[in-house]
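Any value given below was found using the heavy atoms of this structure, including those in side chains, with hydrogens, waters and symmetry copies removed. In each ligand, atom 1 is the first atom listed, and ligand 1 is the first ligand listed.
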Amino acid sequence: MKIEHIIAVTALVLLTSLQTKAQKTLAEATKGKFLFGVAVNPQQVNGVNPVETELIAKEFSAIVPENCMKPQPIHPEENRYNWDDADKFVAFGEKNKQAVTGHCLMWHSQIGRWFFVDAEGKDVSPEVLKERMHQHISTVVGRYKGRIKGWDVVNEAFEDNGTYRNSKFYQILGKDFIKYAFQFAHEADPDAELYYNDYNVETPAKCDAIVELVKELKAAGCRIDAVGSQAHMHMNSPTLEAAEASFKKLKDAGVHILITEWDISILPSPYDGANIAANFKYSKEMDPYREAIPDSIQQKWNKRMLDMFGLFLKYDDVVDRVTVWGLSDNTTWLNNFPIRGRKDYPVLFDRNNQRKPVVDEMIKMAKKYKK
Ligand code: G3I
């Protein structure tokens, strides 16, 4: 690396740290209210881009792995685990004195096909699947025992109409797969908090199904501390009213709430939700802000961020964490979902890793927020 380049990067890191030191952070402003987190990728943990690594360490009080602890990446084959990225991720959080969340133990997506089939490729029996779940959860949770604040134990088990997603888990074990997962996770680390996580939790039918699940798990003597609302939002949905209604239902069900994957896409949506299987054709109409965002749209996005943030503050007695799904507009999954190759602006730091003006507004709001 040329000397000029080293000087430039060092100067940039120093400048960023001086700036960051002076400014209050969202982590500090929300202290005593809720944790403020971010989803991180291995490149950020490994310091590939020092500015991003520095920002993540300074601005946030909690981290979650965007991909490296999911079933497929961490357990690609029955007798092979892939610990490197996950080990470094947990150590990174500990070094920065941040709350570390595990995401996620059981999910119908990003899980190896081997998990559900025998040597002939046929579906395994309920007993075999239950044992494989037990193996996976006790091995992964056991490895980080006492170091993970809480786990997304099961992710996205319901459709928006409140019916159970027809996943391989459900086909082979029925709805009890969820109970088994929570039992195995608690057995492996009795001190870890346990969460059920989903998107579109603001949808009444899905929220009612989740509330029913919470009641069933509690009745079965299972530990469940909170429901994670992913909060992948659009400019017009969900409404503030729908989000608040879901908060009231979950609070009444006796669980706390986590905002686990918050982002607000500024782009037109071919549909609502985060069903990872969806994919749509690229067109210029669906990618209108490649050059810049009209100020009126930017103001609308800022207001929507502040309205939702205000709601999280209003429920800070039950909202324990607010996590944004990606550090910057550079690293967001929304540049390639549900349409590949678009330019979205859904999170708090811009493509130059600079704070967006809405961050200082959120800090002011949090600081002066009195119940
Ligand atoms: O790691 C491989 C790499 O080896 C390969 O070269 C590259 C080529 O495509 O793919 C890389 O894997 C990608 C992985 O992200 C890591 O970058 C997968 O293709 C890609 O599908 C995966 O996308 C992740 C997505 O979950 C997959 O389901 C997104 O980054 C991640 O933001 C997203 O997160 C989910 C939450 O876990 C659950 N809720 C919805 C949310 C958004 O879908």
Side-chain angles (χ1 to χ4, degrees), residues 37-46 48-49 52 56 62-77 80-86 88-89 100-113 115 140 150-160 165 167-169 181 195-203 206 210 226-234 238 258-265 267 269-280 321-342 344 346-349:
V38 65
V40 300
N41 61 45
Q43 293 74 31
Q44 291 161 334
V45 168
N46 301 333
V48 173
N49 179 327
E52 290 186 14
I56 289 166
I63 59 171
V64 61
E66 187 173 8
N67 286 294
C68 69
M69 282 181 135
K70 291 171 180 173
Q72 171 67 33
I74 207 167
H75 194 183
E77 293 157 33
R80 183 167 72 87
Y81 286 86
N82 192 0
W83 300 118
D84 193 40
D85 286 345
K88 288 180 180 154
F89 161 77
V100 178
T101 295
H103 172 80
C104 55
L105 295 172
M106 296 285 108
W107 189 23
H108 67 277
S109 184
Q110 277 187 293
I111 184 166
R113 189 169 172 278
F115 216 95
V140 175
W151 284 93
D152 291 341
V153 177
V154 172
N155 194 38
E156 303 177 8
F158 291 102
E159 300 289 353
D160 286 1
R165 179 187 297 277
S167 66
K168 295 303 279 183
F169 288 111
Y195 318 133
Y196 172 77
N197 194 49
D198 214 325
Y199 61 84
N200 285 3
V201 173
E202 307 84 5
T203 307
K206 182 177 264 187
I210 293 170
V227 166
S229 174
Q230 293 180 10
H232 291 292
M233 299 178 171
H234 300 270
L258 305 170
I259 304 301
T260 55
E261 306 179 15
W262 191 30
D263 47 28
I264 301 183
S265 174
L267 295 175
S269 164
Y271 87 126
D272 288 343
N275 182 359
I276 197 68
N279 223 323
F280 297 85
R321 172 167 53 87
V322 174
T323 290
V324 283
W325 202 245
L327 174 67
S328 77
D329 296 341
N330 259 334
T331 58
T332 174
W333 68 295
L334 288 168
N335 288 331
N336 292 307
F337 179 90
I339 300 175
R340 295 194 76 74
R342 297 200 294 176
D344 206 336
V347 285
L348 301 176
F349 287 80

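Residue-level proximity to ligand 1 for Y199 is absent, since no heavy atom of it falls below 4.0 angstrom.
Residues K168 and I111 fail the side-chain proximity criterion, which asks for heavy atoms closer than 4.5 Å.
Residues passing the salt bridge (charged side-chain N to carboxylate O under 4.0 Å, His left out) test with D198, sequence neighbours excluded: K206. For the side-chain hydrogen bond (donor to acceptor under 3.5 Å, both in side chains) test, no residue two or more places apart in sequence or in another chain qualifies with Q72.
Taken to the nearest 0.5 Å, the CG atom of N155 stands 8.0 Å off from the NE2 atom of H108.
The closest approach between a heavy atom of F337 and any atom of ligand 1 is not below 4.0 Å.
Ring-plane geometry between Y81 and W83 is classed as parallel, the angle between the planes falling under 30 degrees on a 0 to 90 degree scale with a further cut at 60.
Considering backbone and side-chain N/O of E66, one or more are found under 3.5 Å from N/O of ligand 1. Of the polar atoms of E156, at least one N or O is found under 3.5 Å from an N or O of ligand 1, judged by distance alone.
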### Message
Is there a side-chain contact (heavy atoms from CB on, under 4.5 Å) between W151 and V140? Walk through the geometry before answering.
### Response
CA-CA 11 Å; W151 284 93; V140 175; 3.6 Å; yes

### side-chain contact (heavy atoms from CB on, under 4.5 Å) assessment of T331 paired with Q44
CA-CA 10 Å; T331 58; Q44 291 161 334; 3.8 Å; yes

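Of the listed options Q230, Q110, K70, K70 places a heavy atom closest to atom 35 (C) of ligand 1. Between atom 39 (N) of ligand 1 and the options H232, M69, E261, the minimum heavy-atom separation is to E261. Counting only non-hydrogen atoms, the option in N197, N41, N67 that gets closest to atom 16 (C) of ligand 1 is N67.
Atoms of ligand 1 found under 4.0 Å from any heavy atom of W107 (numbered from 1 in listed order, with element): 28 (O), 37 (O), 38 (C). For ligand 1, the atoms lying closer than 4.0 Å to a non-hydrogen atom of N155 are 38 (C). Of all the atoms in ligand 1, the ones that sit under 4.0 Å from a non-hydrogen atom of W333 are 32 (O), 42 (C), 43 (O).
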